[in-house]
Structure formats: C-alpha cells, structure tokens
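These values consider heavy atoms only, across backbone and side chains, with no hydrogens, waters or symmetry-generated copies. Atoms within each ligand, like the ligands themselves, are counted from 1 in listed order.
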Amino acid sequence: MRPQPVTVIGAGLAGPLLAVLLARRGFEVTVYERRGDPRVSTAEAGRSINLALAARGIRALEHAGVMDRVRPLMIAMRGRMVHETERSAKLQPYGQRPDEVIYSVARAALNRLLIEEAARYPTVTLHFYQAGAELDARGTLRLRDAASGRLYDAPPVPTIAADGAGSAVRSSLSDAGLVAVREELLDHDYKELSVHAVAGRSVLESEALHIWPRHGFMLIALPNTDGSFTATLFLPREGPRSFASLTTAAAVRELFATELADFAPLVPDLLEQFEAHPQGRLGTVHTAPWHARGRTLLLGDAAHAIVPFHGQGMNAAFEDCSVLDGLLDQHEEWEPLFAAFETVRRPNTEAIAQMAIENYGEMRESVLDAKFLRQKAWALELERRYPDRFIPRYAMVMFHPEISYAEALRRGAAQQEILDVLYARAAGAERFDETLARQRILAM
Ligand code: FAD
C-alpha cells in the first residue's frame, strides 16, 4: 500500500507499536490517547503493573526494531514457583531449553519506551488527553479534548482503534449497529499488592513467576527490576471465599493467615494496600466484524480482550500489529486489508481466549494435581524424543510463534488425548508404554 495518513486511537501497548510499523513505511500517523503523556506523568494506579512477555510479543517487537531497548527491562522467569499451603515452594520449569523462559516487564516502562520510539518518527504526531468519543451519523469519529470537553472530528482517514478492552470506538460501532459485541465477564476479580524489596533485595526467588494455587482462587507474583514483586490476588467476586466476603480488616487478615500464611509476612502493609488498591474486573470480548465501512479497524484488546491467565493479551496485540504490517505488502485498499486481517487473526484470538480461560484452572488447581504433574513430565519427555511432532501446548503458545494459536489449540487437544491414553494404560505406574506412545504419535 502506498504511504498515506492514518489515525490511531489509543497509545497503550499496541497503538504506539503500530505507529512505529506504519511510520517505517512512510505513513503519516496521528495518535490520540485519552490519558496523559507517560513520558511526563506517572502511570495511573490500578492498571496491571507488570506483564509476562513471551516469544510472540518479542518477535513483533523485533520486527519493529525496538527489541534492543526493551531487553534491559526484561526479567527472565524460568518457571512457576508453586507455593503449596504447608510445603516449601517448588519450581516447575516452563520449558526444557535454556531459552524457554518468559519475561516480566513493567507496563509503564514498556509503554513509555514504545511512545518514545513512535515519537522518533517525524511522520508520527501524538496527542494526549484526547479521547475517541463517538461516531456521528456519517461514520466520522468524534474526539473529545479532556481539558475543555470540546468535541471535534477526527480527520477523514482510515482509523485503527487500539483503545483497549473498554474500547469507546467499539462501543460507538456497536451503537451504530456496525459490529456485534459479546462481553463475557469472569466471575473472579483481581487486586494487586506490592511486595517490597528489603534493603534492595528480593524477598522471593527473582527468576520465577510465583503462584499460590488455592483451588477456588490464587495469588501470583511477578518480579520487578528494583527487586520488588507485584502480586495479584484472583478471587471470586461473590461467595464464601470472595471479595464480597472481605469487607472488614479482620476478614482480610483471616484469609491471608489461613490460606496464604507464607505470603502475608512479605507484605507488612497488607491491610493498607488491600484497602487502597482497586478491585479490577476481567473478561473476554468477542466482536464481529472487527472493521466497518473500510474506514475503521479494531485491533488488540479493543477487538478481542481476553482474561490474563496465559499472559498473552499483550503478546497477541503485538502479533496483531506485525500481521497487519505484513498485510500492507499484499493490499492496496483498506477494506480488503481489514477483512484479510480479521480472517487471519480471528481463529487465533478465539483460540487464545479459550486457552487463557483453561489456564486459570491449570494455575489455581492442576499444578497441585498428581495426574497433571505426571502428564506434564511425560509431555516434556515426548518432546525430547519427538521434537518435530510433540510440543507441549504451553510451549507452543509461549515459545513457538511460528505455530499459530489455533494450531496450538488443535495440536494440544490431540496430544492430550495421547497423554490420557498413556495415563490410563500406565495404571498408576511412573513410566508410560513407549511402544504405544510411538504408535500414537506417529499416527497423530
Ligand atoms: P491497552 O494497553 O489497554 O491500551 C489502550 C490505550 O487506549 C490506553 O492507553 C488507554 O488509555 C487508551 N484509551 C482508552 N480509551 C480511549 C479513548 N476513548 N480514546 C483514546 N484513547 C483511549 N498480557 C500479556 O501479554 N501478559 C501478561 O502478563 C498480562 N497480564 C495482565 C494482567 C492483568 C491484570 C490484565 C488486566 C491484563 C493483562 N494482560 C497481559 C493483557 C494486556 O494488558 C492487554 O492485552 C494489552 O494491554 C492490550 O494492549 P492494547 O494496546 O490493545 O490495550
């Protein structure tokens, strides 16, 4: 496609990366962001503080030429450190090769860096405190200036909305009957808690993602570069063990004392933090179509927000950006390009949405289950023996960006069937039947 003016709504994670990719092609990009400029103001409280970055996100950042600057922000997490109630913590490695790790990255630092990278291009203009507000009857997007409340029209050029899970552009398109939206709210909410470093040192093993799986709920913690950790409590909204039941300091104290006794002492100001930090909602957004009138495209969370349990929302949003960039080589018009983007991406984002929900069960429950652990060990062994035929699903999603999410879901299901057959045949034995495994894998 020949270079031309484009509007991007949202300068979160995907918006500025997309601006970089478009600017590299000579496009003139105008970005409107509702919040302030993170290069001059501090991050808004209540948004997740750090994120797991994996191979798909890294590949997209490399494609945009920004990885050299991202690398210093990354802390390797080699596996899940599982904290059981009455046992010492145990590391379950994510993969089996040294490079099979995921990385904790601070959202605010990554956001700032991507905005700085976008701003380096003379054809990129960034406007802050400007919110995409509504579509008028002609399909033109209106923007609102935060300070004055003044409404004005966005330029009449193709608009890509990367305005996040609560996308105002998506709502406008939906109100105008141009897209259908289904939002599936999870019945579990989350709250973040900071685990401070003591005398500059981490109080938890720093190269791991820590999990306190408690069946009906869980707590996780990811490392930050200053030695602190950001913990997130995921808990049902209603019910006996729920956010609704934690209305008094005594109830909060009781939950942490009985269920998370080894975690509680790491946060001396637990009650103050619990009181002060917001309770966030989680959900999956299904939108169809993702584009309207050849003029507007939804991308990233705006099109397909997912629950965070596979650590893939940002990775998928970055992958969206590089897929869109690749399609610019194949199309001269926006409408077919937007349609091709949706055709390529939808099966994949639907697949990761499903796997993200399934991973919640895995993180809060299965990691304690003997069958799960045995099958996981066997899966790693089968991968060693048949590396081009059997790759554990988690590894396909996190370490193999050349395998699409949809393909990972499909192959994962076939592999699980084999593991179930082997488990049934083993009847409690530690080893699986090697002949049966070989037969099944070759037939798969
Ligand atoms: P966002 O990053 O949300 O950016 C949207 C931007 O648009 C924001 O800057 C916002 O201010 C702006 N905006 C909103 N409305 C308007 C408007 N009307 N006009 C103009 N601008 C607007 N993903 C991972 O890959 N790994 C993880 O470990 C991970 N952990 C997570 C943990 C939690 C608790 C949550 C909630 C999410 C997590 N995610 C994770 C998902 C990840 O945060 C999102 O998928 C990612 O931020 C999507 O990027 P985006 O650019 O589409 O949206």
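- For the pair Ala168 and ligand 1, the shortest N or O to N or O distance does not fall below 3.5 Å.
- At a heavy-atom distance under 4.0 Å, no atom of Ser167 approaches ligand 1.
- Scanning Gly164, Gly12, Pro308, Ala356 for the heavy atom closest to atom 38 (C) of ligand 1 points to Pro308.
- Between Leu282 and ligand 1, no N or O atom pair is found at a separation short of 3.5 Å.
- For ligand 1, one of its N or O atoms has an N or O atom of Arg35 under 3.5 Å away.
- Against a heavy-atom cut-off of under 4.0 Å, Ala52 is close to the following atoms of ligand 1: 24 (C), 25 (O), 26 (N), 27 (C), 28 (O).
- Taking the ring centroids of His210 and Phe229, they lie under the 6.0 Å cut-off.
- With hydrogens and angles left out, the side-chain atoms of Gln96 and Glu100 include no donor and acceptor closer than 3.5 Å.
- Within a 6.0 Å radius of CD in Gln330, more than 12 heavy atoms belonging to other residues, nucleotides or ligands are found.
- Using a 4.0 Å cutoff on heavy atoms, Thr232 does not count as a contact of ligand 1.
- Ring-centre distance between His310 and Tyr394: below the 6.0 Å cut-off.
- Looking at Ile102, Asn315, Ile75 one by one, the single match for side-chain contact (heavy atoms from CB on, under 4.5 Å) with Leu53 turns out to be Asn315.
- Taking the charged nitrogens against the carboxylate oxygens, Arg170 and Asp301 have no contact shorter than 4.0 Å, which rules out a salt bridge.
- In terms of polar-atom proximity, defined here as any N/O pair under 3.5 Å, Met314 does make such a contact with ligand 1.
- The contact set between ligand 1 and Ala11, taken as ligand atoms under 4.0 Å from a residue heavy atom, comprises 9 (O).
- The 12-atom threshold is not exceeded at CZ of Arg144, counting heavy atoms of other residues, nucleotides or ligands nearer than 6.0 Å.
- Near Ala131, meaning under 4.0 Å from one of its heavy atoms, ligand 1 places the atoms 19 (N), 20 (C).
- In summary, the atoms of ligand 1 found under 4.0 Å from a heavy atom of Gly300, numbered by their order in the structure, are 52 (O).
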- Message: Evaluate Arg241 against Thr258 for side-chain hydrogen bond (donor to acceptor under 3.5 Å, both in side chains), listing each step before the verdict.
- Response: CA-CA 12 Å; Arg241 269 277 182 247; Thr258 53; 3.2 Å; yes

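- Distances from atom 17 (C) of ligand 1 to the heavy atoms of Gly57, Gly132, Gly15 show the closest one on Gly132.
- Contacts with ligand 1 closer than 4.0 Å are made by side-chain heavy atoms of Ile9 only, the backbone lying farther away.
- Judged by the shortest distance from any of its heavy atoms, His310 lies outside the 4.0 Å radius around the atoms of ligand 1.
- For the pair Gly313 and ligand 1, the shortest N or O to N or O distance falls below 3.5 Å.
- The side-chain hydrogen bond (donor to acceptor under 3.5 Å, both in side chains) test with Gln416 is passed by exactly one of Gln375, Arg411, Arg393: Gln375.
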Quick one: do Glu335 and His291 satisfy side-chain hydrogen bond (donor to acceptor under 3.5 Å, both in side chains)? Show the steps, please.
CA-CA 8 Å; Glu335 180 127 38; His291 57 101; 4.6 Å; no

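- Surrounding CD of Glu402 are more than 12 heavy atoms belonging to other residues, nucleotides or ligands, all under 6.0 Å away.
- The part of Gln130 lying near ligand 1 is the backbone, judged by heavy-atom distances below 4.0 Å.
- Near Tyr32, with a cut-off below 4.0 Å to any heavy atom, the atoms of ligand 1 are 20 (C), 21 (N).
- Geometrically, ligand 1 and Asn50 share no nitrogen or oxygen pair separated by less than 3.5 Å.
- Atom CG of Leu255 sits about 10.0 Å away from atom CZ of Arg214, to the nearest 0.5 Å.
- Among the atoms of Tyr190, none of the N or O lies under 3.5 angstrom from an N or O of ligand 1.
- Around atom 12 (C) of ligand 1, the closest heavy atom drawn from Glu134, Glu33, Arg34, Lys191 belongs to Glu33.
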